[in-house]
Amino acid sequence: MRRTESRRLVVTGGFGRVAGVVVPPLAKNWRIHVIDRSVGDPSFSPERITISDMRDPEPLRRAMRGADAVLHLAANASPWLPWPVAIDNLTLAQNTLDAAAEESVPTVVLASSVHAAGGAYREGHVPVATDRPARPCCHYGTGKAAMEAAAALHHDATGAGASCLRLGLTGWPLTHRELADGWLGEADAAALVRHALSASGAGVYHGVSIHGARAWDVNNAARDLGWAPRQELPVPLGSLPALESWPCRMFSGPRRATT
């Protein structure tokens with residue numbers, strides 16, 4: 001078996017905000033090939049860079065050849081998205097899965113979102129479980145829920161590891177109290193991705209830090225991946241203002257009170 005230091009990791013959306021949080025720690029032990037639609041200014045030095053919007057599957061297939069793992073982060077990530085953009089996100093994910101299957105990549109980790117189950121959170125079904133059907137709160141979350149199903153199919157068809165990480169607020173400052181349950185600290189996010197890249201099975205896992213673990217069940221991440229959140233909120237909850245407008249249905253209507 002090849003040493004960890006020699007393993008190749010393909011990162012889609014490798015110049016994005018989440019990548020800036022989770023990829024630099026991985027660069028110590030992985031040779032990283034970034035695929036993104038434009039060149040960014042990473043805080044790490046990728047071994048290779050491919051510029052592609054990933055609608056064309058051929059650059060993806062070429063990048064996957066000889067890869068040991070794929071980390072799929074590419075997406076237009078916003079709960080305000082209209083349905084066509086959510087479908088575009090799903091197309092990028094499916095193209096990534098197809099390329100990984102064709103090139104027999106043994107491990108795929110995909111960035112999902114708590115918005116895939118934001119409807120359950122809104123209705124107070126907490127802690128939200130990952131073994132219940134997805135219940136999105138917006139078009140963006142619906143696309144992510146469909147991606148999770150596609151990843152499960154990928155695992156069943158190929159035997160490859162396929163982990164979907166329902167990331168909360170990652171790489172952004174915590175600015176409002178309603179967002180606290182979904183906040184994911186940078187160290188927790190990086191550790192979650194690192195652990196998922198070692199997984200051989202298939203699963204959906206919530207990515208939130210300690211405060212949010214009361215609302216989003218993380219027990220299966222501890223069981224399957226050996227990961228548990230370690231970071232507390234960066235600011236006192238009581239110091240945060242309330243949201244003045246709701247980006248999606250997760251934060252409107254009946255829901256669990258944030259304490």
Side-chain angles (χ1 to χ4, degrees), residues 1-2 4 6-16 18-19 21-23 25-27 29-37 46-48 50 52-75 77 88-113 116 130 134 143-167 170 189-207 220-221 224-227:
M1 186 173 181
R2 283 174 286 182
T4 300
S6 69
R7 287 186 175 181
R8 284 192 58 237
L9 173 65
V10 175
V11 183
T12 70
F15 293 129
V18 173
V21 170
V22 304
V23 176
L26 298 173
N29 295 316
W30 294 82
R31 293 156 46 214
I32 295 173
H33 185 163
V34 166
I35 306 178
D36 213 325
R37 60 187 177 184
E47 182 183 70
R48 294 184 62 189
T50 296
S52 170
D53 69 1
M54 289 176 287
R55 292 182 181 87
D56 179 1
E58 184 53 35
L60 274 171
R61 284 196 294 267
R62 289 196 300 267
M64 301 287 182
R65 288 171 192 158
D68 295 284
V70 179
L71 175 59
H72 177 63
L73 303 177
D88 188 51
N89 283 345
L90 180 58
T91 298
L92 299 183
Q94 188 59 60
N95 286 350
T96 299
L97 290 169
D98 288 344
E102 290 179 23
E103 297 300 328
S104 301
V105 179
T107 303
V108 181
V109 176
L110 304 99
S112 184
S113 170
T130 58
K144 290 298 188 181
M147 184 196 73
E148 294 174 1
L153 175 60
H154 176 81
H155 170 75
D156 291 345
T158 67
S163 299
C164 293
L165 310 180
R166 287 180 178 169
L167 303 179
T170 309
L192 175 58
V193 169
R194 184 178 71 251
H195 282 261
L197 285 168
S198 299
S200 58
V204 175
Y205 307 98
H206 290 136
N220 68 326
D224 298 349
L225 307 179
W227 174 86

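Numbering starts at 1 and runs along the sequence shown.
We find the CG-OG distance between D224 and S200 to be 9.5 Å, quoted to the nearest 0.5 Å. To the nearest 0.5 angstrom, R37 atom CZ is 8.5 Å from L92 atom CG. The CD atom of E47 sits 11.0 Å away from the CG atom of L9 when rounded to the nearest 0.5 Å. Expressed to the nearest 0.5 Å, how far CG of L110 lies from CG of L167 amounts to 10.5 Å.
Of all the heavy atoms in A160 and H154, the pair that sits closest is CB-NE2, 3.9 Å. Pairing each heavy atom of A74 with each of G13, the nearest pair is CB-N, 3.6 Å. Summarising the geometry of T107 relative to A196, their closest heavy-atom pair is CG2-O, 4.2 Å, with the distance given to 0.1 Å. Smallest separation of non-hydrogen atoms from A93 and M147: CB-CG, 3.5 Å. Nearest approach of L73 to V18, heavy atoms of both residues: CD2-CG1, 4.2 Å. Residue L197 comes nearest to W30 through the heavy atom pair CB-CZ2, 4.2 Å, listed as atom of the first residue, atom of the second, then distance.
With sequence neighbours excluded, no residue forms a side-chain hydrogen bond (donor to acceptor under 3.5 Å, both in side chains) with S113. Residues satisfying the side-chain hydrogen bond (donor to acceptor under 3.5 Å, both in side chains) criterion with H155, sequence neighbours excluded, are absent altogether. With sequence neighbours excluded, the residues that form a side-chain contact (heavy atoms from CB on, under 4.5 Å) with A146 are L90. Partners of H72 by side-chain hydrogen bond (donor to acceptor under 3.5 Å, both in side chains), not counting sequence neighbours, listed by chain and number: T12, T96. Residues satisfying the side-chain contact (heavy atoms from CB on, under 4.5 Å) test with A150, not counting sequence neighbours, are Q94, L97. Considering only residues two or more places apart in sequence or on other chains, T130 meets the side-chain hydrogen bond (donor to acceptor under 3.5 Å, both in side chains) condition with N220. Every residue meeting the side-chain contact (heavy atoms from CB on, under 4.5 Å) condition with T91, not counting sequence neighbours, appears here in chain and number order: I87, N95. Every residue meeting the side-chain contact (heavy atoms from CB on, under 4.5 Å) condition with A199, not counting sequence neighbours, appears here in chain and number order: S163, L225. In terms of the salt bridge (charged side-chain N to carboxylate O under 4.0 Å, His left out) criterion, residue partners of D53 (sequence neighbours excluded) are, by chain and number, R55.
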Side chain to side chain contact (heavy atoms under 4.5 Å, CB included) assessment of H33 paired with T50: CA-CA 8 Å; H33 185 163; T50 296; 2.7 Å; yes

Residues V23, L71; criterion side chain to side chain contact (heavy atoms under 4.5 Å, CB included); working and verdict: CA-CA 9 Å; V23 176; L71 175 59; 4.3 Å; yes

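Checking each of E148, R166, H206 against S112 for a side chain to side chain donor-acceptor pair (under 3.5 Å) leaves exactly one that passes, namely E148.
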Could you go through residues 56-65 and list every donor-acceptor pair under 3.5 Å that involves a side-chain atom there, pairing it with any protein atom two or more places apart or in another chain?
{"from": "D56", "atom 1": "OD1", "to": "E58", "atom 2": "N", "distance (Å)": "3.1"}
{"from": "E58", "atom 1": "OE1", "to": "R61", "atom 2": "NE", "distance (Å)": "3.1"}
{"from": "E58", "atom 1": "OE1", "to": "R61", "atom 2": "NH2", "distance (Å)": "2.6"}
{"from": "R65", "atom 1": "NE", "to": "E103", "atom 2": "OE2", "distance (Å)": "3.4"}

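Sorted pairs that involve residues 150-162 and meet salt bridge (charged side-chain N to carboxylate O under 4.0 Å, His left out), not counting sequence neighbours, are lacking altogether.
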